[in-house]
Amino acid sequence: MSANLSYLNELKQNGDFLTLSRNNEWHLDASAFTLDNGTAVTVHDTGVIEFQPKGITTKDVVLSSAIHGNETAPIEICDELIKRIISGDLQLAQRALFIFGNPQSINIGKRFIGENLNRLFNGHHTVEGVPMNNERVRAAKLEQYVSDFYYRGSQVSQRCHYDLHTAIRGSKNDKFAVYPFLHGKPWKKAQLQFLLSCGVNTVLMMKSAATTFSYYSSFVHGADSFTVELGQVKPFGENDMSRFEKTKQTLTALISQKEVIYKEFDASDFELFSVHRSINRTEHVFSFPFSDDAENFTGFAKGELLATDGQTCYYAEVDGEAIIFPNADVALGQRALLTVIPLKNTDNII
């Protein structure tokens with residue numbers, strides 16, 4: 001056994017895959033073992049661990065966190081679930097793949113090291129003329145691990161991927177999810193009910209392709225996939241984990257039960273938005289007129305200034321046009337702001 005595989009006994013004892021990943025920031029030799037309850041455990045790489053329970057399963061579930069390393073609450077949720085599975089406290093009924101996306105960025109408490117990992121999926125990690133870096137290599141590997149996981153599952157299993165985040169800013173709607181662009185396919189009531197059970201009643205319907213991890217799983221593998229924002233970024237130790245109890249309970253039920261029954265769909269339970277437009281930063285001089293503590297979902301009156309990109313000014317085009325994910329410090333060419341408006345036509349929800 002190589003020195004890098006000596007971690008197995010310790011992992012079996014304490015289940016601390018997060019610390020193991022943080023101590024091996026970019027690579028960990030693959031290995032496998034079996035729990036006393038028959039669940040097969042496969043460590044594919046640093047931050048990537050798979051659980052295959054005995055018996056027939058009906059769902060192939062990917063739970064990812066730390067795509068941005070400073071978004072700690074989802075990391076803590078997944079860390080707890082992994083420990084419970086390895087200890088035998090949580091018996092699985094479904095296949096599950098857990099991913100800590102960027103262990104080095106966890107260690108430095110930053111969103112990323114050199115490049116935003118969540119802008120490198122769906123093939124965008126390899127671009128002619130753009131040099132590779134650790135995050136581009138990592139994005140390619142994560143795509144492959146997800147592909148392999150789904151392909152080894154049953155062809156009739158439901159594929160799910162919930163990419164768990166916290167937002168840079170506070171939000172008028174504390175928790176919200178992003179439904180990737182489905183290219184004309186309908187949105188699913190069952191998935192909205194799952195989100196509601198997680199404590200998430202606000203959902204943004206995207207209307208174009210993206211470079212995010214959740215869009216990759218949705219577009220390439222047909223997974224029910226979401227980016228799920230669970231409040232605001234906080235350092236380790238400063239999260240009020242009681243605020244995530246519904247999320248933890250729902251994720252636990254998802255992977256430990258054969259079937260989960262959610263309450264009947266009621267559109268009035270939700271605040272649904274459609275993306276109105278995306279504003280990219282194209283100039284070095286880029287700014288917002290609102291303060292750094294302006295919350296997501298803050299609305300603007302028609303004609304109010306939203307952003308200044310060099311000599312170009314962007315104004316609200318409709319009353320109530322609201323801001324999401326404003327970040328003036330993104331790289332040139334990347335999205336600096338989404339704006340959204342309430343979704344009025346819900347005929348596409350089945």
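- A salt bridge does not link E135 to R138: none of the charged side-chain nitrogens sits closer than 4.0 Å to a carboxylate oxygen.
- By the neighbour-count criterion of 12 heavy atoms within 6.0 Å, atom NZ of K185 is sparsely surrounded, having that number or fewer from other residues, nucleotides or ligands.
- To the nearest 0.5 angstrom, R111 atom CZ is 10.0 Å from D329 atom CG.
- With a 4.5 Å cut-off on side-chain heavy atoms, E229 and H165 count as touching.
- Between atom CD of residue Q334 and atom OG1 of residue T211 there is a gap of 7.0 Å, rounded to the nearest 0.5 Å.
- Residue pairs that meet the side-chain hydrogen bond (donor to acceptor under 3.5 Å, both in side chains) test with at least one member in residues 192-202, sequence neighbours left out, are N173-T202, S197-T250.
- In this structure, the ring of F213 has its center less than 6.0 angstrom from the ring center of H161.
- Side chains of E76 and N239: a donor-acceptor N/O pair is present below 3.5 angstrom, by distance only.
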ask   = Going through the distances and angles, do L164 and L251 end up as a side-chain contact (heavy atoms from CB on, under 4.5 Å)?
value = CA-CA 11 Å; L164 308 177; L251 293 177; 4.0 Å; yes

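- Taking the six-membered ring wherever Trp is involved, the centroid distance between the rings of F273 and F176 does not fall below 6.0 Å.
- Closest heavy-atom contact between A209 and F181: N-CD2, 3.7 Å.
- Close placement of the F286 and F288 rings is indicated, their centers lying within 6.0 Å of each other.
- Looking at K59, its side chain never comes within 3.5 Å of a backbone N or O of Q94 through a donor-acceptor pair.
- Checked by atom type, the side-chain pair N24/T46 shows no donor-acceptor distance below 3.5 Å.
- Pairs passing the side-chain hydrogen bond (donor to acceptor under 3.5 Å, both in side chains) check and including a residue from residues 339-350, sequence neighbours excluded, read E321-T339.
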Residues 49-56, side-chain donor-acceptor partners within the protein, below 3.5 Å, at least two apart:
| unit_1 | atom_1 | unit_2 | atom_2 | d |
| --- | --- | --- | --- | --- |
| E50 | OE1 | H44 | NE2 | 2.7 |
| E50 | OE1 | R152 | NH1 | 3.3 |
| E50 | OE1 | R152 | NH2 | 2.8 |
| E50 | OE2 | R95 | NH2 | 3.2 |
| E50 | OE2 | R152 | NH1 | 2.9 |
| Q52 | OE1 | R95 | NE | 2.7 |

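- Using modelled atom types, one finds a donor on one side chain and an acceptor on the other under 3.5 Å when comparing R22 with N107.
- Remark: the backbone N or O of N122 is paired with a side-chain donor or acceptor of E143 at under 3.5 angstrom.
- In this model, no donor atom of one side chain and acceptor atom of the other lie less than 3.5 Å apart for S105 and H68.
- Residues F194 and Y162 bring their aromatic ring centres within 6.0 Å.
- Looking at heavy atoms from C-beta onward, I77 lies out of side-chain contact with L63 at the 4.5 angstrom threshold.
- Checking N9 against Q13 by side-chain atom types alone, no donor-acceptor pair falls below 3.5 Å.
- In terms of modelled atom types and a separation under 3.5 Å, the side chain of Y7 and the main chain of D29 share a donor-acceptor contact.
- At distances below 3.5 Å, not a single donor-acceptor pair connects side-chain atoms of N102 with backbone N or O atoms of F112.
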